[in-house]
**Q** 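Pasting in a structure now, in structure tokens, and then I'll have a few things to ask.
From a predicted model like this one, the values you see are computed outputs, not experimental measurements.
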Amino acid sequence: MKKDYLSREEDIRFSKTVIDFNTLGEEADEKSRIEIRERTKLLIYIVSRDILHLSYDDASSVFLELEEELDKIIASYKVSNATFNQYLKQLCQYRCRRMKQKKYQNALWENAFFMEEAKYNARGLGDVEFLEIQKKEQSKSLRIQQDIYAEFDMKGIIEFISRNKNVPDYPIYNKMELKLRKALDTYTSRKRFLIFILTLPRNSEGFDSYDIARVMQTDELAISHLLLLKDEALGFQEEKIREIQSRASKHWRIMAKLIANINLESDEEKKRILRDHYQTQVICHKKNVREIKRASAGMSRSTIATVIGVSRSSVSIAIKEISSLLEVIAKD
């Protein structure tokens with residue numbers, strides 16, 4: 001049954017069923033609503049276990065949290081490139097990451113409170129007074145955790161992550177992740193992996209802050225800060241992409257006009273001149289399309305080299321080494 005639910009054909013069929021149901025709104029019948037709710041509840045757990053490979057405890061926690069919002073989750077699914085299973089995968093992944101981050105942050109300040117409690121009790125503070133102080137300390141601790149990496153630029157945060165392993169209690173979901181974690185045990189391999197991540201497009205499938213933090217055994221907030229800096233760099237790159245797209249559209253319009261004029265022109269010499277102009281526009285248009293593809297792939301190698309202070313050849317070597325490593329791990 002699980003295989004049927006996770007198959008591409010069944011996923012596409014049920015995705016259409018949910019979209020049709022949402023389109024009907026109040027006119028949808030109760031039987032369909034119950035069937036979709038039950039199927040969605042089952043899918044949440046199957047996706048958590050069989051696609052995200054969460055532990056039984058984590059999958060159950062995600063299921064219990066999302067079950068309370070079932071109607072909202074179903075109603076929020078709209079026509080998009082993502083199927084319903086992919087939509088649930090993103091949702092489960094986000095909720096699990098949020099729970100892990102909250103658990104990790106709580107552990108940071110709770111350890112400190114055990115020490116503080118003894119100190120305040122020794123001073124004879126009452127329970128109410130201690131709880132007030134505890135709330136202030138918790139708020140302060142969380143703010144410190146959120147701002148701790150804010151002073152790092154991209155070069156600084158890459159150096160910090162490459163040189164430091166905090167070894168938090170992150171789970172490993174499969175053998176491939178375990179092999180990757182072992183391969184990223186040295187400063188050089190960790191830095192190369194971070195460089196490789198910078199070349200990936202924004203919001204790449206399978207690479208988020210929690211996943212990267214798990215395999216690199218580092219603080220997710222540090223990885224989040226690196227990805228934030230990457231998004232800012234890609235934001236400037238997106239402005240460049242829009243500029244190139246505008247140029248490409250301009251060349252395309254000129255090409256269309258030239259084709260029309262060539263078809264209408266009877267003089268062979270003028271036709272030849274128009275064809276030469278047309279070929280020039282084709283060359284320019286193809287060049288713009290290649291630039292858009294390069295800019296859309298993530299940070300360029302030249303930009304990475306400039307930002308983190310290494311040579312372009314070092315960036316190319318890093319990308320080649322990590323790509324080869326990932327291929328080997330995927331084949332094993």
Side-chain angles (χ1 to χ4, degrees), residues 93 96-115 137-138 140-200 202 204 206-234 298-299 301 303-311 314-315 317-326 329:
Q93 197 171 36
C96 181
R97 184 170 69 247
R98 193 176 69 174
M99 287 190 301
K100 292 286 184 182
Q101 186 173 355
K102 185 177 180 181
K103 180 180 177 182
Y104 175 66
Q105 288 177 331
N106 287 343
L108 289 174
W109 61 264
E110 281 176 1
N111 288 337
F113 284 162
F114 285 123
M115 299 295 293
E137 290 295 322
Q138 178 184 4
K140 178 181 176 183
S141 176
L142 292 178
R143 284 200 305 274
I144 291 172
Q145 285 299 312
Q146 291 167 355
D147 299 338
I148 191 169
Y149 302 110
E151 62 186 40
F152 284 106
D153 58 11
M154 190 174 289
K155 179 180 179 180
I157 197 67
I158 286 177
E159 284 295 319
F160 176 84
I161 297 170
S162 300
R163 296 185 183 279
N164 295 278
K165 285 196 300 181
N166 299 332
V167 197
D169 186 21
Y170 286 131
I172 286 294
Y173 295 147
N174 52 55
K175 291 181 180 179
M176 287 193 294
E177 287 189 354
L178 181 59
K179 289 178 181 178
L180 182 56
R181 175 178 282 191
K182 290 179 179 178
L184 299 178
D185 199 44
T186 65
Y187 165 79
T188 301
S189 62
R190 291 168 70 81
K191 186 170 183 178
R192 284 176 174 174
F193 186 69
L194 294 173
I195 290 173
F196 173 80
I197 288 168
L198 295 180
T199 65
L200 298 176
R202 191 192 298 251
S204 299
F207 280 93
D208 63 14
S209 58
Y210 178 65
D211 291 326
I212 298 167
R214 283 193 300 106
V215 296
M216 297 195 75
Q217 303 176 79
T218 192
D219 186 358
E220 186 185 354
L221 293 174
I223 297 294
S224 296
H225 183 65
L226 173 64
L227 296 182
L228 177 63
L229 294 175
K230 173 191 167 187
D231 283 349
E232 288 177 358
L234 290 177
M299 291 180 66
R301 300 185 183 193
T303 302
I304 294 172
T306 302
V307 169
I308 68 176
V310 298
S311 65
S314 296
V315 175
I317 290 171
I319 296 167
K320 183 179 178 181
E321 290 292 326
I322 296 300
S323 298
S324 300
L325 171 64
L326 293 176
I329 291 175

**Q** Could you go through Leu326 and Leu180, starting from their C-alpha distance and side-chain angles, then the distance that decides it, and tell me whether this counts as side-chain contact (heavy atoms from CB on, under 4.5 Å)?
**A** CA-CA 8 Å; Leu326 293 176; Leu180 182 56; 4.1 Å; yes

**Q** To the nearest 0.5 Å, how far apart are OG in Ser314 and CZ in Arg301?
**A**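 Separation between the atoms: 12.0 Å.
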
**Q** Considering only NZ, NE, NH1 and NH2 on the basic side and carboxylate oxygens on the acidic side, decide whether Asp185 and Arg190 come within less than 4.0 Å.
**A**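 Result for this pair is no, no salt bridge flagged.
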
**Q** With rounding to the nearest 0.5 angstrom, report the CD1 to CZ distance, Ile304 to Phe196.
**A**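 So the CD1 of Ile304 and the CZ of Phe196 are separated by 10.5 Å.
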
**Q** Nearest 0.5 Å please: distance from the CD1 atom of Ile322 over to the CD1 atom of Ile195.
**A**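 The CD1 atom of Ile195 is 9.0 Å from CD1 of Ile322, to the nearest 0.5 Å.
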
**Q** Compare every heavy atom of Ala183 with every heavy atom of Ser189, then report the nearest pair and how far apart it is.
**A**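 Result for this residue pair: OG-O, 3.0 Å.
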
**Q** For Ser324, give me all partners under side chain to side chain donor-acceptor pair (under 3.5 Å), at least two apart in sequence or on another chain.
**A**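 If we apply the side chain to side chain donor-acceptor pair (under 3.5 Å) test to Ser324, skipping adjacent residues, there are no hits.
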
**Q** Can a salt bridge be assigned to the pair Glu220 and Arg214 using a cut-off of 4.0 Å between side-chain N and carboxylate O?
**A**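 So Glu220 does not pair with Arg214 through a salt bridge.
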
**Q** Does any part of the side chain of Met154, heavy atoms only, come nearer than 4.5 Å to the side chain of Met299, both counted from C-beta?
**A**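 The answer is yes; the side chains approach within 4.5 Å.
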
**Q** Please step through side-chain contact (heavy atoms from CB on, under 4.5 Å) for the pair Asp219 and Ile161, ending with a clear verdict.
**A** CA-CA 9 Å; Asp219 186 358; Ile161 297 170; over 6 Å; no

**Q** Have a look at Ile223 and tell me which of Ile197, Thr218, Leu228 forms a side-chain contact (heavy atoms from CB on, under 4.5 Å) with it.
**A**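 Per the side-chain contact (heavy atoms from CB on, under 4.5 Å) rule, the option paired with Ile223 is Thr218, out of Ile197, Thr218, Leu228.
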
**Q** Starting at CD1 of Ile329, measure out to NZ of Lys179 and round the result to the nearest 0.5 Å.
**A**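 Going from the CD1 atom of Ile329 to the NZ atom of Lys179 covers 7.5 Å.
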
**Q** When you compare the side chain of Ile212 with that of Phe193, does any pair of heavy atoms fall below 4.5 Å?
**A**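 Yes - at least one pair of side-chain heavy atoms lies under 4.5 Å apart.
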
**Q** Would you say that Leu325 contacts Arg192 through its side chain, given a criterion of any heavy-atom pair below 4.5 Å between the two side chains?
**A**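 They are not in side-chain contact.
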
**Q** Does a donor on one side chain and an acceptor on the other come within less than 3.5 Å for Thr306 and Thr303?
**A**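 Looking only at side-chain atoms, Thr303 and Thr306 do not form any donor-acceptor pair under 3.5 Å.
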
**Q** Please examine the side chains of Lys230 and Leu226, heavy atoms only from C-beta on, and report whether any two atoms are closer than 4.5 Å.
**A**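 The answer is no; the side chains never approach within 4.5 Å.
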
**Q** How long is the straight-line distance from CD1 of Ile157 back to OG of Ser162, given to the nearest 0.5 Å?
**A**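 It comes to 9.5 Å.
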
**Q** Between atom OG1 of Thr186 and atom NZ of Lys191, what is the distance when rounded to the nearest 0.5 Å?
**A**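 Between atom OG1 of Thr186 and atom NZ of Lys191 there are 12.0 Å.
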
**Q** Using 4.0 Å as the upper bound for N to carboxylate O, is an ion pair formed by Arg163 and Glu159?
**A**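 Looking at Arg163 together with Glu159, the answer is yes, because their closest N to O distance falls below 4.0 Å.
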
**Q** Is any side-chain heavy atom of Met216 closer than 4.5 Å to one of Lys165?
**A**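 The answer is no; the side chains never approach within 4.5 Å.
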
